[in-house]
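Input: a single structure, listed below in structure tokens.
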Amino acid sequence: MSSELRRPAADAFLGVAASFGGRVWRDRLDVRGRAVADEIVRHHGLSPFLARVLAGRGVASEAVERHLNPTFDLLPDPNVLTAMPEAAARLADACARGEKVAIFGDYDVDGATSSALLAEFLTSAGCDVQVHIPDRIFEGYGPNVAAIDGLADAGATLLITADCGATSFEPLAHARARGLDVVVIDHHQMGAELPPANALVNPNRQDDLSGLGHLAACGVAFLTLIATRQELRRRGVTTAPNLKRALDLVALGTVADVVPLTGINRLFVREGLEVLRRRRRPGLRALMDAARLDGPPTPYHLGFLLGPRINAGGRIGDAGLGCRLMLTGDEPEAGRIAAELDRLNGERQAIERATLAEAEAEAYAALGLDGEGASVAVVSGEGWHPGVVGLVAARLKERFRRPAFAVAFQPDGTGTGSGRSIPGVDLGAAVRGAVAEGLLAKGGGHAMAAGVTVRKEALGAFRAYLEEALGAAVARARADQSLKIDAALTAAAATLDLARDLERAGPFGSGAPEPVLALAAHTLSSADVVGQGHLRLRLRAGDGASVSGVAFRAADSDLGRGLIASRGARVHVAGSLGVDRWGGQERVSLRVIDAAPAEA
């Protein structure tokens with residue numbers, strides 16, 4: 001444990017200076033924030049809990065109504081994005097001529113939803129559309145020459161890349177040489193040089209001043225289609241598809257890609273969840289049934305139930321399954337694809353558990369048992385499945401609270417790796433720097449996630465480069481990794497009404513953290529291991545009121561060990577309120593994220 005976390009903190013929330021998870025607890029609101037919360041209560045008549053949550057997410061009193069009831073007035077003019085007019089004009093030309101259009105998408109959820117959005121719109125507008133999602137192992141990320149040849153041979157005249165293509169210089173040059181026009185729709189970081197394309201729409205290109213760099217690719221694709229519909233109407237075409245019905249796809253891709261749920265992204269997810277709740281799309285309805293989701297979907301369900309199942313196809317199966325699921329209107333076909341994705345997800349979980357065990361052992365050896373070694377955890381293994389390295393990196397990031405890379409090496413010494421970062425540490429920029437230094441064969445990404453291709457003999461140099469490039473940023477970020485608490489309450493106050501009230505401030509996710517509430521000095525009546533290492537808890541207040549909780553994947557962690565050792569004792573517990581639905585009944589439950597002894 002670092003000296004920052006060991007040092008007593010006089011202003012620690014509930015006096016928790018070192019929790020079971022090794023964190024200081026802090027009030028999310030400072031003096032100014034508490035004043036804003038008080039003003040929100042006075043001016044808007046909201047509960048103190050909801051007021052504190054809003055103030056803690058930077059919502060000023062005068063912006064409360066707009067935040068709680070956002071409208072499509074928030075949508076920007078899509079033409080503020082560089083090269084959007086050119087992209088919209090080329091797509092409108094394709095619709096007018098009924099061209100054969102090839103869509104080349106990434107194999108993750110953002111790529112699948114972006115591809116489905118584009119394919120659905122262009123097909124409805126008269127194009128003949130073919131979607132190609134590459135095989136992760138045999139083709140890798142982004143456009144490749146062989147796939148482009150196949151699309152050109154099939155008669156395509158326009159190639160659209162979705163969630164990829166911003167750094168695909170040689171493949172896109174080959175596409176132009178084959179006579180294909182090219183439109184790139186992406187959101188990944190890129191350098192000043194642009195690949196050959198008729199239009200490249202990416203809010204993270206260096207000459208884009210739109211301020212929309214937080215969009216996922218599906219959000220960029222949605223704005224591109226708005227611009228295309230505007231262009232079609234300018235030309236007198238009034239039968240363009242209703243884009244609002246496609247917001248279910250935008251919400252899913254946005255949440256799954258873990259981009260900040262602020263501004264326009266928050267609107268996309270909020271409105272997309274409403275579309276999802278109507279269960280109109282056969283594919284997503286079948287997937288929700290396969291995931292045993294019978295209540296209204298939330299961002300949590302998108303990120304942890306639906307997203308992983310769609311990703312499973314790209315990780316260890318047929319990468320095109322997710323996109324085909326979203327596009328099919330055939331109920332039996334939707335059921336078959338959803339069942340296959342559910343099966344693949346179970347297989348993926350087994351592979352991930354085995355790989356994670358090896359990765360954690362290597363990480364502990366490199367970082368030390370106290371986790372105070374290197375600034376970035378970099379692990380690798382022979383024979384690891386490339387489809388799970390991103391998940392393993394995410395688990396390592398959570399366990400060691402620092403950026404992490406996991407690399408799967410093939411027998412020829414080529415490694416495919418993924419990295420995940422912590423807030424305040426830009427992983428994408430570091431990877432682009434490593435590519436420029438010649439340490440990586442290929443690499444790219446954004447601040448919170450990146451992908452790399454690296455030779456085994458270069459892994460040590462890459463690790464050293466990350467330490468030098470990111471060490472200071474990681475130290476700053478880790479020093480501020482206290483747990484921010486929104487409010488304290490008792491079990492009696494943890495009601496369904498409160499949970500629903502707090503949901504009004506959502507949707508919550510990256511950049512808009514779920515409210516964290518603390519139960520002070522409750523007796524831990526029970527703590528039992530269930531499922532895949534989860535802990536099921538029961539907490540009782542002094543007045544006899546009680547509430548149930550669950551600490552996911554915590555049994556073999558410092559938090560889990562501390563809770564198990566505290567059975568029957570009084571503890572402070574921090575977590576987020578959720579609504580459990582089972583057998584037609586609803587009850588409130590606490591998703592526990594940290595705890596501390598109340599007697600300390």
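Here, residue 1 is the first one in the sequence, and each next residue gets the next number. FYI, side chains are in, hydrogens and waters are out, and symmetry mates aren't considered; it's all heavy atoms of this structure.
Salt-bridge annotation for Arg591 and Glu514: present, with a side-chain N of the basic residue lying under 4.0 Å from a carboxylate O of the acidic one. In this structure, Asp186 does not pair ionically with Arg205, as no charged nitrogen and carboxylate oxygen lie closer than 4.0 Å. The existence of a salt bridge linking Arg343 and Glu347 is confirmed by a sub-4.0 Å separation between a basic side-chain nitrogen and an acidic carboxylate oxygen. Electrostatic pairing of Asp248 and Arg279 does not count as a salt bridge here, judged by no charged N lying under 4.0 Å from a carboxylate O.
Contact annotation: the side chain of Val592 never approaches that of Val550 to less than 4.5 Å [non-hydrogen atoms, C-beta and beyond]. Between His188 and Asn204, every side-chain heavy-atom pair lies at or beyond the 4.5 Å cut-off.
Ring geometry for His446 versus His187: interplanar angle of 30 to 60°, hence tilted.
Every residue meeting the side-chain contact (heavy atoms from CB on, under 4.5 Å) condition with Asn345, not counting sequence neighbours, appears here in chain and number order: Pro308, Arg309, Ala312, Arg348, Gln349. In this view, Glu86 satisfies the side chain to side chain donor-acceptor pair (under 3.5 Å) rule with no residue, not counting sequence neighbours. With sequence neighbours left out, Arg178 forms a side-chain contact (heavy atoms from CB on, under 4.5 Å) with Asp149, Ala152, Asp153, His174. Phe72 pairs by the side-chain contact (heavy atoms from CB on, under 4.5 Å) definition with Leu75, Lys244, Leu247, Leu267, Glu271, not counting sequence neighbours. Applying the ring pair (Phe, Tyr, Trp, His ring centres under 6.0 Å) test to His534 and every residue at least two apart in sequence or in another chain returns Phe552. Annotation: side-chain contact (heavy atoms from CB on, under 4.5 Å) contacts of Pro195 (sequence neighbours excluded): Phe169, Leu172, Met190, Leu200. Asp412 pairs by the salt bridge (charged side-chain N to carboxylate O under 4.0 Å, His left out) definition with nothing, not counting sequence neighbours. Residues forming a ring pair (Phe, Tyr, Trp, His ring centres under 6.0 Å) with Phe462 (at least two apart in sequence, or on another chain): Phe405.
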For residues 386-397, which side-chain donor-acceptor pairs fall under 3.5 Å, sequence neighbours excluded?
residue	atom	partner	partner atom	Å
Arg395	NE	Glu352	OE2	3.1
Arg395	NH2	Glu352	OE2	3.4

Run the side-chain donor-acceptor check on residues 129-138: report pairs under 3.5 Å with partners two or more places apart or on a different chain.
residue	atom	partner	partner atom	Å
His132	NE2	Glu139	OE1	2.9
His132	NE2	Glu139	OE2	3.4
Asp135	OD1	Ile137	N	2.9
Asp135	OD1	Phe138	N	2.9
Arg136	NE	Gly314	O	3.1

For residues 220-228, tabulate all N or O donor-acceptor pairs below 3.5 Å that involve a side-chain atom, not counting sequence neighbours.
residue	atom	partner	partner atom	Å
Thr224	OG1	Val220	O	2.8
Thr228	OG1	Thr224	O	2.8

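For residues 308-345, no pair satisfies ring pair (Phe, Tyr, Trp, His ring centres under 6.0 Å), with sequence neighbours left out.
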